[in-house]
Amino acid sequence: MIRPGRRLPRWFFERPSPEVAPDLLGRVLVRRLPDAATLSVRIVETEAYQEDDPASHSYRGRTARTEVMFGPPGRLYVYFTYGMHFCMNVVTGVEGEGSAVLLRAGEPLEGLDEMRMRRGVDDARALCSGPGRLCQALGVTRTDNGTDLVAGNALSLHAGMPVRPGDVAVTPRVGIRSGIERPWRFVRVGDPFVSRGRPARIARPS
DNA sequence: CGTTGGATTGGCT
DNA sequence: GCCAATCCAACGC
């Protein structure tokens, strides 16, 4: 079992999202819910989004939905999509800048049975391998939007064991129509818990 | 106000 | 591999 380790400090998130995204691989996301077992996952897949990036929700400026993205770093940005799924992001960069990192997949560490109940599937690899699945497994919904990951209790991010740059693959982001030229999807090479969608092949120069 | 399509997923061909 | 499901934010009139 991987130890969560110490909590990531505010400054960790106060950097450009393409820098934070690969650094989040191997980190541990802990979920605490009232009257439920503690849930935790090891992050294995992320994507970066920035304000000058047409694929980003923040591209068109501040709106009610994207307000959290422009707020202080280290908070959670949760959005609802396709009429049924939630996706969660970690807000990055300095306050006033609309950037974030989408958490796309994780390896379940603690609370697998609780996750199986929430997801309705058995296979550990199907519990958190996708942004919608990850939110469902951890019970993250719109009420978690804006939660502080640095100081809050419901969700927290811990140091875990970072993935060596040589084990990080870079690929185009999934499911976007514009901004496809920015290779801002980061995955742990060969990890069985990454989402479906093209497996990563482009090795990052180390 | 009406329209459009989405940072997805699961089931079926 | 393809496509429907199912809300609602964003945008145009």
Side-chain angles (χ1 to χ4, degrees), chain A residues 13 16-25 29 41 43-71 73 75-93 97-108 115-147 149 155 157 169-188 192-200 202:
Chain A
F13 306 100
S17 57
E19 190 178 323
V20 176
D23 202 3
L24 277 172
L25 299 179
L29 176 66
V41 303
I43 297 166
V44 299
E45 178 181 344
T46 59
E47 281 180 2
Y49 288 87
Q50 280 193 161
E51 201 172 330
D52 66 344
D53 164 15
S56 176
H57 291 166
S58 58
Y59 183 63
R60 293 159 204 276
R62 287 185 188 240
T63 66
R65 178 175 65 157
T66 61
E67 186 56 33
V68 174
M69 271 187 94
F70 289 88
R75 304 235 267 238
L76 198 73
Y77 164 50
V78 180
Y79 67 88
F80 182 67
T81 193
Y82 288 101
M84 58 189 87
H85 303 296
F86 292 100
C87 296
M88 67 172 132
N89 300 250
V90 178
V91 176
T92 58
E97 176 190 325
S99 67
V101 173
L102 173 68
L103 304 184
R104 286 194 55 91
E107 171 188 351
M115 295 184 201
R116 288 188 175 102
M117 274 187 44
R118 293 178 179 282
R119 289 272 302 120
V121 296
D122 218 46
D123 188 346
R125 288 166 302 183
L127 293 176
C128 305
S129 54
R133 293 172 168 188
L134 181 63
C135 282
Q136 191 181 22
L138 299 182
V140 170
T141 67
R142 64 176 88 256
T143 64
D144 296 296
N145 189 40
T147 295
L149 298 164
L155 287 151
L157 269 167
V170 185
T171 83
R173 292 170 292 179
V174 175
I176 56 171
R177 313 269 300 175
S178 48
I180 55 176
E181 72 283 358
R182 304 186 189 206
W184 283 350
R185 172 174 176 251
F186 304 90
V187 304
R188 177 161 179 266
F193 295 94
V194 301
S195 74
R196 91 173 174 179
R198 204 175 45 177
I202 309 166

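We name chains A, B, ... by the order of the sequence lines, and we start the count at 1 in each one.
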Grab the [atom1]-[atom2] distance between [X] and [N] for me, whole Å please.
X: A:E67; N: C:dA10; atom1: CD; atom2: P; value: 11 Å
X: A:L76; N: B:dA7; atom1: CG; atom2: P; value: 17 Å
X: A:Y82; N: C:dC2; atom1: OH; atom2: C1'; value: 14 Å
X: A:F80; N: C:dA5; atom1: CZ; atom2: C1'; value: 11 Å
X: A:M88; N: B:dT8; atom1: CE; atom2: P; value: 14 Å
X: A:Y59; N: C:dC11; atom1: OH; atom2: P; value: 11 Å
X: A:E47; N: B:dT8; atom1: CD; atom2: C1'; value: 12 Å
X: A:R65; N: B:dA7; atom1: CZ; atom2: P; value: 7 Å

* Looking only at side chains, do A:R125 and A:S129 share a donor and an acceptor under 3.5 Å apart? -> no

Can you tell me if [X] touches the phosphate of [N], counting only side-chain N or O atoms and a distance under 4.0 Å to OP1 or OP2?
X: A:H57; N: B:dA7; result: yes
X: A:T63; N: C:dA10; result: yes
X: A:R196; N: B:dT8; result: no

Centre-to-centre under 6.0 Å for A:H85 and A:F80, is that the case here?
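No, too far apart.
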
Do the charged groups of A:D52 and A:R182 touch, with an N to O distance under 4.0 Å?
-> yes

query: A:R119 side chain: which of B:dG10, B:dA7, B:dT9 is closest?
result: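 Nucleotide nearest to A:R119's side chain: B:dG10.
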
Of B:dT8, B:dG6, B:dA7, the nucleotide closest to the side chain of A:R177 is B:dG6

Note to self: Other residues, nucleotides and ligands only: do more than 12 of their heavy atoms fall within 6.0 Å of OH on A:Y59?
What the structure shows: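 Open: at most 12 neighbouring heavy atoms sit under 6.0 Å from OH of A:Y59.
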
* **A:E45 side chain to A:S195 backbone, donor-acceptor under 3.5 Å** =>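 Yes: the side chain of A:E45 pairs with the backbone of A:S195.
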
Self-check item: Closest-nucleotide ordering on DNA chain C, the 5'-leading residue of A:T66 and A:G83
Solution: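 It is A:G83, whose closest nucleotide lies nearer the 5' terminus.
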
Margin query: Heavy atoms only, 4.0 Å cut-off, all strands: where does A:I176 land among base, sugar-phosphate and nothing?
Written below: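 Result for A:I176 = sugar-phosphate.
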
Query raised in the report: Closer to the 5' end of DNA chain B via nearest nucleotide, is it A:R133 or A:Y79?
Result: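 Nearest nucleotide further toward 5': that of A:Y79.
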
Legend entry - Distance between P atoms of C:dT6 and B:dG2 (Å, rounded):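 Per the computed distance, 22 Å lies between those P atoms.
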
Scanning all shown strands, the Watson-Crick or wobble mate of C:dG1 with both distances under 3.5 Å is B:dC12

